[in-house]
K.L.:
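I'd like to ask you about the structure that follows.
The basis for the numbers below is simple: all heavy atoms, side chains too, and nothing from hydrogens, waters or symmetry mates. Index from 1, following the sequence.
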Amino acid sequence: MSRSVRLVPSAAPAVTAALFLALAPTACSGAGDGGGAGGAVVQGTPGGSGVRDPYFPKAGNGGYDVTHYDLALAYDTGRQHLTGTAALTARATQDLSAFDLDLQGLNVEQVTVEGRRARWTRTGQELTVRPHDGLDRGRTFRVTVRYSGAPETITDADGSEEGWVRTDDGALALGEPTGSMTWFPGSHHPSDKASYDIAVTVPEGLQAVSNGELTSRRTSRGRTTFRWHTAEPMASYVATVAVGRYDISRSTTRDGLPVYVAVDPRRAEASRAVLAGLPGITEWARDTFGPYPFSSTGAIVDRADDIGYALETQNRPVFPDAPDTETLVHEIAHQWYGDSVTPRTWRDMWLNEGFATYAEWLWQEDHGGDTAEEIFTALHRGDYYDSPEYNAAVWAFPPAEPPSAARLSDSPVYERGAMVLHRIRQTVGDDTFRAILRGWAAAHRHGNADTADFTAYVEKKAPGKDFGRIWKDWLYGDGRPDTV
Ligand code: TRP
Ligand code: ZN
């Protein structure tokens, strides 16, 4: 933790300094070069501390958009200590006197804006940066943050763990919905997507795997640096770093897409058969959902005993254990629905999970298993699962309006979200439905979309059909709707 006596502009009266100190909630702040005496008045107003997400009001930040993250990280697995420099390129969307970054835990050592040291303070997850000079609206600027410490694992509202998760041979970074703020400062909301360069230095003998493509790997003096590049826009919740021992296999799909798979050797045997299906699943998904949105595919299979879920990290989903084929299909489908077409807020998460769940149904239907119609019917009847509670849970709340952050990963978002899609299919027929799946992915490729965008899109693709009851009863209505 850095402390400094120079907390306010040197031009400000001392009384302000005292007041500022009294208000500083964490006594954790830093000073820049102070700006000298008689500095210019900083124009503009502070950017917002969040982007008003209905479930995570502090997630993301107002007043700027990040276009690129350049992260240089070093992880000492023995000390479980992370050292990082994050250089963000961003564009001001208002005249800014100050702006926030999201960062949970860790110690901030230095912040610069446009190469000049900036003052900063911390309150909870908000790292407030006061640049030496104001930033005019429309201006592209660079902010760097030097930081270090033991990154935190966070427990979600639903009790699951995310953030920086230690494994017995390294660590795994999981970011849904808010865990990415435990390992780098940024604008951690799905609406602010950016390209990334992630360099990770680890003890020689270990691997560091991340998103995008590996552009270089260099070892010197007992440490290896892996550089990963992600050119396509990425939401921070699907950014990842996996550090540990992995068997790496590299190949290409038949149409030339690079495949990079990293598997904990202790899970290699159990994963082999399912992972052999990865290129074929990617091709099936491409035939079903349209062109693959990214420049590589793959998977990371680790051993993370306390993590009960897989995550659709961009390019290569993470599995905490050997995956089954359905989960692999689900995470690959998320590359289109979630990673490329990303929810505008966390309320729109059914657009991720409903589609990825429906992808599992379509996969089964296309490969001689139950049809989506059969699965839909069993869920609606209430005998899909053995457990009565599971069958009832589908109707707990409307998919487009989860009651709280704790319920975002519950059955209505997944199964009932998929049932909404099946109701659309029943209304428009198979051909138009498949055109909607592909067209939706194309219309918002590499962007963000919300539920209203989706319902408008469906209505446009099937003029003359009435979706009023589907939206009202299946998407927004309480309880178990009728199918007529
Ligand atoms: N979104 C992940 C998937 O569907 C699952 C997931 C992420 C999850 N975080 C979670 C499930 C927390 C339950 C709790 O692939
Ligand atoms: Zn999912």
Side-chain angles (χ1 to χ4, degrees), residues 158 160-162 165 167 172 174 176 209 238 240 242 244 246-249 251 253 259-289 292 297-339 352-372 374-376 378-379 384-387 390-391 393-394 409-411 413-419 421:
D158 67 8
S160 59
E161 301 211 320
E162 58 158 333
V165 175
T167 58
L172 187 58
L174 299 169
E176 189 180 35
V209 185
V238 288
T240 192
Y246 302 102
D247 292 343
I248 306 291
S249 63
S251 59
T253 61
V259 183
Y260 188 102
V261 177
V263 183
D264 185 302
R266 296 162 297 183
R267 293 291 176 262
E269 187 71 30
S271 303
R272 190 161 294 124
V274 168
L275 289 178
L278 176 64
I281 290 169
T282 308
E283 284 160 21
W284 169 84
R286 188 204 51 208
D287 293 344
T288 310
F289 307 133
Y292 185 75
T297 183
I300 299 168
V301 178
D302 212 330
R303 223 179 80 149
D305 295 337
D306 295 336
I307 303 300
Y309 60 87
L311 185 62
E312 60 267 29
T313 44
Q314 193 155 304
N315 304 89
R316 50 191 60 78
V318 164
F319 303 88
D321 202 336
D324 56 32
T325 294
E326 273 172 38
T327 310
L328 185 56
V329 168
H330 179 108
E331 305 308 334
I332 294 299
H334 269 311
Q335 301 300 312
W336 282 259
Y337 308 107
D339 295 16
N352 289 6
E353 303 306 343
F355 275 78
T357 301
Y358 203 81
E360 296 176 51
W361 299 2
L362 273 180
W363 168 269
Q364 293 178 47
E365 175 173 327
D366 286 358
H367 294 84
D370 292 345
T371 63
E374 286 166 340
I375 298 169
F376 174 92
L379 280 167
Y384 181 71
Y385 294 108
D386 291 337
S387 141
Y390 276 44
N391 289 313
V394 178
S409 287
D410 284 7
S411 171
V413 175
Y414 285 70
E415 271 95 356
R416 190 165 158 187
M419 293 176 88
L421 297 179

K.L.:
Is there a side-chain contact between Trp363 and Thr288 (heavy atoms, below 4.5 Å)?
P.N.:
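Not touching, per the 4.5 Å side-chain cut-off.
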K.L.:
Can a donor-acceptor pair be found between the side chains of Ser411 and Glu415 at a distance below 3.5 Å?
P.N.:
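Side-chain D/A pair, Ser411 to Glu415: present.
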K.L.:
Does the side chain of Leu328 reach to within under 4.5 Å of the side chain of Leu278, using non-hydrogen atoms?
P.N.:
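Touching, per the 4.5 Å side-chain cut-off.
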K.L.:
Check step by step if side-chain contact (heavy atoms from CB on, under 4.5 Å) holds for Tyr246 and Asp302.
P.N.:
CA-CA 8 Å; Tyr246 302 102; Asp302 212 330; 2.6 Å; yes
K.L.:
Is any side-chain heavy atom of Leu275 closer than 4.5 Å to a side-chain heavy atom of Pro323?
P.N.:
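Side-chain contact under 4.5 Å: yes.
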K.L.:
So Thr325 and Ile281, side-chain contact (heavy atoms from CB on, under 4.5 Å) or not? Walk me through it.
P.N.:
CA-CA 9 Å; Thr325 294; Ile281 290 169; 4.2 Å; yes
K.L.:
Between Phe319 and Glu331, is there a side-chain heavy-atom distance shorter than 4.5 Å?
P.N.:
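Side chain of Glu331 against side chain of Phe319, heavy atoms only: contact under 4.5 Å found.
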K.L.:
Under the side-chain contact (heavy atoms from CB on, under 4.5 Å) criterion, do Leu311 and Glu162 qualify, and how do the steps go?
P.N.:
CA-CA 10 Å; Leu311 185 62; Glu162 58 158 333; over 6 Å; no
K.L.:
Return the OG1 to CD1 distance between Thr327 and Ile332, rounded to the nearest 0.5 Å.
P.N.:
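One finds 11.5 Å between OG1 of Thr327 and CD1 of Ile332.
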K.L.:
Looking at every non-hydrogen atom in both residues, tell me the closest pair between Ser409 and Asp158 and how far apart they are.
P.N.:
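What the structure gives for the nearest pair is CB-OD2, 4.1 Å.
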K.L.:
Supply the atom-to-atom distance Leu421 CG to Arg416 CZ, rounded to the nearest 0.5 angstrom.
P.N.:
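One finds 13.0 Å between CG of Leu421 and CZ of Arg416.
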K.L.:
Quick check: do Ile307 and Glu161 have side-chain heavy atoms less than 4.5 Å from each other?
P.N.:
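In contact.
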K.L.:
Where do Val209 and Tyr260 land on the side-chain contact (heavy atoms from CB on, under 4.5 Å) test, with the steps shown first?
P.N.:
CA-CA 9 Å; Val209 185; Tyr260 188 102; 3.9 Å; yes
K.L.:
Applying the salt bridge (Lys or Arg N to Asp or Glu O under 4.0 Å) criterion to Glu269, which one of Arg266, Arg272, Arg267 satisfies it?
P.N.:
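With Glu269 as partner, salt bridge (Lys or Arg N to Asp or Glu O under 4.0 Å) holds for just one option, Arg272.
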K.L.:
Which atom names give the shortest non-hydrogen contact between Glu374 and Asp370, and what distance separates them?
P.N.:
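Scanning both residues, the minimum pair turns out to be OE1-CA, 3.3 Å.
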K.L.:
To the nearest 0.5 Å, how far apart are CD in Gln314 and OG1 in Thr240?
P.N.:
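The OG1 atom of Thr240 is 11.5 Å from CD of Gln314, to the nearest 0.5 Å.
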K.L.:
What closest approach, in Å, do Thr313 and Arg316 show between heavy atoms, and which atom pair accounts for it?
P.N.:
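Where Thr313 meets Arg316 most closely, the heavy atoms are OG1-O, 2.7 Å.
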K.L.:
Give me the atom names and distance for the closest heavy-atom approach of Gly298 to Val259.
P.N.:
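Between these two residues, the closest heavy atoms are CA-CG1, 4.3 Å.
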K.L.:
Has Asn391 got a side-chain atom pairing as donor or acceptor with Tyr385's backbone, closer than 3.5 angstrom?
P.N.:
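It does hold such a pair.
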K.L.:
To the nearest 0.5 Å, tell me how far Tyr384 OH sits from Phe376 CZ.
P.N.:
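If we round to the nearest 0.5 Å, Tyr384:OH and Phe376:CZ are 13.5 Å apart.
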K.L.:
Could you check whether any side-chain heavy atom of Tyr309 comes within less than 4.5 Å of a side-chain heavy atom of Glu176, counting everything from C-beta outward?
P.N.:
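Not in contact.
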K.L.:
Any heavy-atom pair between the side chains of Glu312 and Glu353 that's under 4.5 Å?
P.N.:
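Heavy-atom side-chain distance check passes, below 4.5 Å.
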K.L.:
Looking only at heavy atoms, which two atoms of Asp321 and Val301 are closest? And how far apart?
P.N.:
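Taking every non-hydrogen atom into account, O-CG1, 3.6 Å.
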K.L.:
Is there a donor-acceptor contact under 3.5 Å from the side chain of Glu365 to the main chain of Ala372?
P.N.:
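Yes, the answer is positive, given that a donor and an acceptor are paired below the 3.5 Å cut-off.
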K.L.:
Taking all atoms of both residues into account, what is the closest heavy-atom pair of Asn352 and Gly338, and its distance?
P.N.:
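Distance-wise, the nearest heavy atoms are OD1-CA, 3.1 Å.
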K.L.:
When rounded to the nearest 0.5 angstrom, what is the spacing between CD1 in Ile300 and CG in Asn315?
P.N.:
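Answer rounded to 0.5 Å: 9.5 Å.
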K.L.:
On the 0 to 90° scale, with breaks at 30° and 60°, tag the His330-Tyr414 ring pair as parallel, tilted or perpendicular.
P.N.:
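If you compare the ring of His330 with that of Tyr414, the planes turn out parallel.
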K.L.:
What is the distance from atom OG1 of Thr297 to atom CZ of Arg286, rounded to the nearest 0.5 Å?
P.N.:
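The OG1 atom of Thr297 sits 11.5 Å away from the CZ atom of Arg286.
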K.L.:
I'd like to check Thr167 versus Arg303 (side-chain heavy atoms, cut-off strictly below 4.5 Å). Are they in contact?
P.N.:
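In short, these two side chains do not touch, never coming nearer than 4.5 Å.
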K.L.:
Does the plane of the ring in Trp361 sit parallel, tilted or perpendicular to the ring in Tyr358? Use 30° and 60° as the thresholds.
P.N.:
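Geometry flag for Tyr358 against Trp361: tilted rings.
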